[in-house]
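Working notes for the structure below.
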Amino acid sequence: MEENMKLATVEDTVEYHLFLIPDEPRDPEKHKEILQKYIERIMTHFAPMLVPYIWQNQPFNLKYKPGKGDVPAHMFGMTKFGDNIEDEWFIVYVVKQITKEFPELVARIEDNDGEFLLIEAADFLPKWLDPDNSANRVFFHQGELCIIPAPRKPGAVSWLPSTPPTIPQALNIISTHPEKILASDSIQAAVNRRIRGYPEKIQASLHRAHCFLPAGIVAVLKQRPRLVAAGVQAFYLRDPIDLRACRIFKTFLPETRIMASVTFTKCLYAQLVQQRFVPDRRSGYKMPPPSHPQYRAHELGMKLAHGFEILCSKCSPHFSDSKKSVMTTSPLWAGFLESLKKNDYFKGLIEGSAQYQARLEMAKNYFQLSVNRPESSLALSPGEEILTLLQTTPFDIEELKKEEANLPPEDDDQWLDLSPDQLDQLLQEAAGKKEAEPISKKEEQNYDLTQVSESMKAFISKVSTHKGAELPREPSEAPITFDADSFLNYFDKILGPRPHESDSDDLDDEDFECLDSDDDLDLKTQGTGEEASLKGTLNDLKSYMAQMDQELANTSIGKSFTTQKQMEPLSQTTSNNSDEEDSGAGGSVMTPVDVDLNLVSNILESYSSQAGLAGPASNLLQSMGVQLPDNTDHRPTSSPCQVRHLGSCYKPCREPSLCTST
């Protein structure tokens with residue numbers, strides 16, 4: 001982030017910044033010491049929640065970032081969340097809780113999409129707020145989402161800048177007017193909906209499964225459960241060069257495999273399960289038949305073993321031992337460990353016990369990755385970390401085999417299979433909308449199709465811009481109000497009276513006002529001669545429209561529309577059609593088109609052709625709050641249309657006089 005806090009550009013990465021308010025001039029060295037203390041306090045306070053968390057790629061971390069330009073020195077962190085979007089929203093929850101626990105801190109968070117918190121609440125944002133003016137406006141303060149407003153007019157509010165604020169300006173506004181910049185309840189609710197359920201939600205995001213693994217991997221995962229993510233990612237993103245190392249295994253031999261329980265995140269488990277893979281025959285990983293009751297455990301173990309072997313194959317045989325001592329030589333470790341004890345991290349366990357040592361190892365790993373991150377040149381890669389653990393942690397295969405009999409049960413993975421109803425419910429929850437109640441059979445029989453036509457008319461009556469058209473309403477809003485008379489009068493002004501109305505040539509005031517507002521026909525007149533010219537122009541326009549209607553009436557396009565005489569007997573319709581053809585364009589009388597019936601029939605036709613899937617008709621109607629009942633007209637076979645060759649018969653048929661289908 002530079003002076004103007006440029007947006008993150010790294011793909012699938014979230015950045016977070018914590019500032020100290022009020023923003024006052026401080027000695028740089030003293031300010032650095034203060035921020036370092038805050039980092040230690042924050043990471044210690046949230047250690048019980050962050051230590052056991054399994055990250056997809058990188059963990060939550062904080063480090064001191066010196067000031068540059070207008071941006072003051074602050075605490076900074078960056079996490080690549082990869083394919084697991086839940087990591088990003090968990091970080092949002094953590095950042096929000098930090099500002100709640102430490103009210104003197106202000107936080108801002110963004111990813112490669114920019115202000116993704118605003119994207120989440122896009123349906124509730126004020127109209128003035130857009131990507132062009134949203135820079136440095138969105139912050140967390142005291143656990144609340146804040147949006148610094150823009151003045152309606154430059155200088156209207158003395159403490160609000162007319163342009164997007166700088167970071168110092170934003171921090172000053174937050175510290176002096178915190179109650180005036182709170183985001184609206186609807187925006188707060190949209191963001192809170194995504195982080196609802198944490199920290200309990202962490203356990204719900206995990207999946208435990210049995211895996212038939214080499215003993216070395218089992219021992220490593222006991223010490224570093226988070227390394228399962230690196231193993232899955234190595235297998236998931238493998239390439240042919242990586243698989244060369246898996247032709248003959250050198251580190252994790254298949255002969256040492258035992259059954260073990262492995263904890264994944266649901267994202268990691270899905271990535272591992274959904275990939276089809278056949279191991280090389282030379283690898284020694286032979287698979288039982290798919291009907292075998294433990295086939296899934298063998299398959300998961302085989303894939304995970306390939307991932308760990310790939311990680312280790314990328315390490316040099318003798319990597320630097322200096323990397324191993326980075327954590328233990330840090331002066332922060334002793335203070336961090338003491339803080340953990342004060343926060344009851346060890347839950348009263350006896351020092352030196354197996355459970356105590358396990359939690360201590362997790363704390364060391366957490367400290368190294370999140371609190372005291374070494375430079376990239378000194379940081380251990382996952383493969384180096386695995387090899388280090390294998391060298392320094394002895395394990396007994398026989399003891400591990402004894403644990404097979406007492407493995408905890410596996411979690412059910414039915415969550416991988418979503419029914420259409422479950423998918424609809426998830427989409428509704430993601431959109432923040434209440435699930436629509438199913439339509440009863442009685443309601444289906446008495447369904448009023450006029451709401452379809454009224455909603456569509458309301459939609460096309462809205463003003464649209466280059467940014468798109470505004471939808472008439474959301475399902476939670478009030479019903480649509482539509483003035484049909486005004487709608488029809490508007491077109492009468494342009495096209496003249498409809499055929500069944502008087503064809504009077506008198507020019508009324510409404511016609512004059514309509515043309516007076518037309519940029520292309522500036523016929524504003526004061527004299528009698530100009531008024532006569534205007535009348536002639538209107539007559540010519542009406543004549544052209546009438547001729548066009550007459551020509552189209554006898555074409556397939558004209559006949560495709562349902563008229564107001566559609567319900568007449570078939571014989572009468574046939575007679576009328578022949579009379580119109582004989583009389584020609586000059587003598588026929590135009591039958592008004594039933595606009596509503598054509599609109600509804602075409603929408604129903606489009607909706608039916610979707611066959612229950614998403615499509616333009618259902619998406620448009622749903623956005624306007626209209627829910628159509630399911631199509632219950634299940635015919636044994638669909639009769640092909642013998643007239644227009646456009647698939648199954650339409651309802652109502654567009655060519656009732658010519659159709660030969662049964």
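Not measured: the values here are computed from a predicted model. We're numbering straight along the sequence, starting at 1.
- Dense packing is recorded around CD of Gln275, with more than 12 heavy atoms of other residues, nucleotides or ligands lying under 6.0 Å away.
- Listed here is the closest heavy atom pair of Leu227 and Ile386: CD1-CG1, 3.9 Å.
- Between Arg137 and Glu115, none of the side-chain N atoms (NZ, or NE/NH1/NH2) sits under 4.0 Å from a carboxylate O, so this pair counts as no salt bridge.
- Within the 4.5 Å cutoff, the side chain of Cys267 has heavy atoms near those of the Gln56 side chain.
- For the pair Phe235 and His306, the tightest heavy-atom approach, listed with the atom from each and the gap, is CD1-CB, 4.0 Å.
- Using bins of under 30°, 30° to 60° and over 60° for the plane-to-plane angle, the ring pair Trp415/Tyr269 lands in the tilted bin.
- Here the side chains of Ile167 and Asp70 are not in contact, with every heavy-atom distance at 4.5 Å or above.
- A side-chain donor-acceptor contact under 3.5 Å links Gln233 and Gln271.
- Expressed to the nearest 0.5 Å, how far CZ of Phe140 lies from CD1 of Ile98 amounts to 11.0 Å.
- For the pair Ile181/His141, no side-chain contact is recorded, criterion being any heavy-atom separation below 4.5 Å from C-beta on.
- For the atom pair OH of Tyr93 and NZ of Lys100, the computed distance is 8.0 Å after rounding to the nearest 0.5 Å.
- Here the closest heavy-atom approach between residue Asp411 and residue His207 is recorded as O-CE1, 3.3 Å.
- Closest approach of Cys312 to Leu387, counting heavy atoms only: SG-CD2, 3.9 Å.
- Of the possible polar contacts, one joining the Asp130 side chain to the Asn133 backbone as a donor-acceptor pair under 3.5 Å is found.
- Note that CH2 of Trp89 and CZ of Arg193 are 10.5 Å apart. Values are rounded to the nearest 0.5 Å.
- Of all non-hydrogen atoms in Leu20 and His31, the two that sit nearest each other are CD2-NE2, 4.4 Å.
- In this structure, Asp87 does not pair ionically with Lys80, as no charged nitrogen and carboxylate oxygen lie closer than 4.0 Å.
- Counting heavy atoms from C-beta on, the side chains of Arg208 and Thr263 come closer than 4.5 Å.
- Across Phe81, Phe60, Phe90, a single residue satisfies ring pair (Phe, Tyr, Trp, His ring centres under 6.0 Å) together with Tyr16, and that is Phe60.
- Smallest separation of non-hydrogen atoms from Ser175 and Pro178: O-CD, 4.0 Å.
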